[in-house]
Asker: 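My questions all concern the structure below.
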2 protein chains.
Amino acid sequence: MNRHIYDCQEGCPVESTLQFISGKWKSVILYHLFKEQVCHFGQLKRDLKDCSQRMLALQLAELEQDGIIQKNIYQEIPLKTDYTLTKFGKTLEPVVLAMSQWGTYYNQLAKTESN
Amino acid sequence: MNRHIYDCQEGCPVESTLQFISGKWKSVILYHLFKEQVCHFGQLKRDLKDCSQRMLALQLAELEQDGIIQKNIYQEIPLKTDYTLTKFGKTLEPVVLAMSQWGTYYNQLAKTESN
DNA sequence: CAGAATCCCACTCGATACTG
DNA sequence: CAGTATCGAGTGGGATTCTG
């Protein structure tokens with residue numbers, strides 16, 4: 001948790017939040033997890049088209065380290081893994097929801113303006 | 001607006017939102033603007049202790065380009081400038097608010113756990 | 001005070017190849 | 001399928017200096 005540079009000495013709450021979700025793709029991953037409940041690596045790779053496999057693995061690892069998501073490995077052939085939100089991770093729902101709602105509003109706006 | 005790499009072809013709303021606020025310090029700047037209504041450069045520089053002057057200027061410029069904040073210059077000596085939210089920028093309040101609320105919750109949590 | 005310009009290093013991140 | 005390892009180009013971003 002000291003990989004980020006935000007100084008929380010003064011306890012700025014937004015900086016605290018950013019420590020967890022400021023990774024380049026984290027909130028998008030969380031968005032999909034809130035929608036699907038369970039996600040597989042390959043599925044996320046398809047959804048996040050512009051996120052490289054390496055980046056996806058890194059972001060997932062950080063989210064797991066931070067206790068936001070849980071990784072479940074099934075020893076089958078071919079290998080199978082899935083990711084779910086932890087109880088702690090689920091508390092982030094209002095944040096992700098607000099982001100998704102604003103994005104929906106904006107997409108609508110952008111569409112009507114282009115007409 | 002093509003400085004970010006998020007692909008919104010499929011209209012992922014979270015990615016749309018990130019196009020505007022994913023800059024390293026943007027949401028913190030917005031947080032202060034929602035609190036203070038009006039902010040000066042030097043004041044922000046003091047508040048965002050770990051954000052360099054260069055970064056602060058860059059982030060403010062991007063927010064201005066995106067129509068989220070407005071820059072007001074007063075031709076006095078010494079130079080004076082302030083920043084306010086545009087009408088469009090104000091629509092982001094629920095997002096910033098959700099982040100600040102979660103951060104407050106987390107700070108509380110972290111404090112009680114350290115005892 | 002409020003920035004712009006320049007320099008330059010560290011690290012990010014994509015591409016590719018490999019593994020259980 | 002679900003990753004890890006390695007490498008190298010590109011960029012982020014700090015330090016410093018300069019200006020109106």
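By convention in this document, chain letters (A, B, ...) are assigned in the order of the sequence lines, proteins followed by strands, and residues within each chain are numbered from 1. The model shown is predicted, which means the values in this text are computed figures rather than measured ones.
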Asker: May I have the distance from A:Leu58 (atom CG) to D:dA2 (atom P), rounded to whole angstrom?
Answerer: 17 Å
Asker: Which nucleotide sits closest to the side chain of A:Leu79: C:dG20, C:dC1, C:dG14?
Answerer: C:dG20
Asker: Taking only the side-chain heavy atoms of B:Arg54 (C-beta and beyond), determine which of D:dA2, C:dC1, C:dT6 contains the nearest atom.
Answerer: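 Of the options given, the side chain of B:Arg54 lies nearest C:dT6.
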Asker: In whole Å, I'd like the distance from the NE2 atom of A:His40 to the P atom of D:dA2.
Answerer: 7 Å
Asker: Is A:Lys71 near enough to D:dA2 that one of its side-chain N or O atoms lies under 4.0 angstrom from OP1 or OP2?
Answerer: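 For D:dA2, OP1/OP2 do not have a side-chain N/O of A:Lys71 under 4.0 Å.
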Asker: Starting from the 5' end of DNA chain C, give me the residue, A:Pro78 or A:Met55, whose nearest nucleotide shows up first.
Answerer: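 By nearest-heavy-atom nucleotide position, the 5'-most residue is A:Met55.
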Asker: Could you see if A:Leu44 belongs to whatever hydrophobic cluster contains A:Leu58? Use Ile, Leu, Val, Met, Phe, Trp, Tyr and a side-chain cutoff under 4.5 Å.
Answerer: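 The answer is yes; both residues are in one hydrophobic cluster.
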Asker: What is the separation between atom NZ on A:Lys24 and atom P on D:dT11, rounded to the nearest whole Å?
Answerer: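 Answer to the nearest Å: 11 Å.
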Asker: Validate the cation-pi geometry between B:Lys71 and B:Tyr83: distance from NZ or CZ to the six-membered ring centre under 6.0 Å, angle to the ring axis within 45°.
Answerer: no
Asker: I need the CG-P distance between A:Leu56 and D:dC1, as an integer number of Å.
Answerer: 14 Å
Asker: Under 6.0 Å between ring centres, would you say that holds for A:Phe20 and B:Tyr106?
Answerer: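 Ring-ring flag for A:Phe20/B:Tyr106: true, centres closer than 6.0 Å.
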Asker: Within this structure, what is the NZ-to-P distance between A:Lys45 and D:dT4, rounded to whole angstrom?
Answerer: 13 Å
Asker: To the nearest Å, how far apart are A:Glu62 CD and C:dT12 C1'?
Answerer: 12 Å
Asker: Is it true that B:Gln53 and B:Lys45 share a donor-acceptor pair across their side chains at a distance under 3.5 Å?
Answerer: yes
Asker: Atom CG of A:Leu44 to atom P of D:dC1: distance rounded to whole Å?
Answerer: 14 Å
Asker: Between the base of D:dG3 and the side chain of A:Gln53, is one N or O donor paired with an acceptor at under 3.5 angstrom?
Answerer: yes
Asker: What is the distance, to the nearest angstrom, from the CZ atom on B:Arg46 to the C1' atom on C:dA2?
Answerer: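 Checked: the CZ to C1' distance equals 12 Å.
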Asker: If I take atom NZ from residue A:Lys24 and atom CG from residue A:Leu48, how far apart are they, to the nearest 0.5 angstrom?
Answerer: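 Here the interatomic distance stands at 12.0 Å.
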Asker: What nucleic acid atoms does A:Tyr83 come within less than 4.0 Å of, heavy atoms only: base, sugar-phosphate, or nothing?
Answerer: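 A:Tyr83: backbone/sugar contact only, no base atoms under 4.0 Å.
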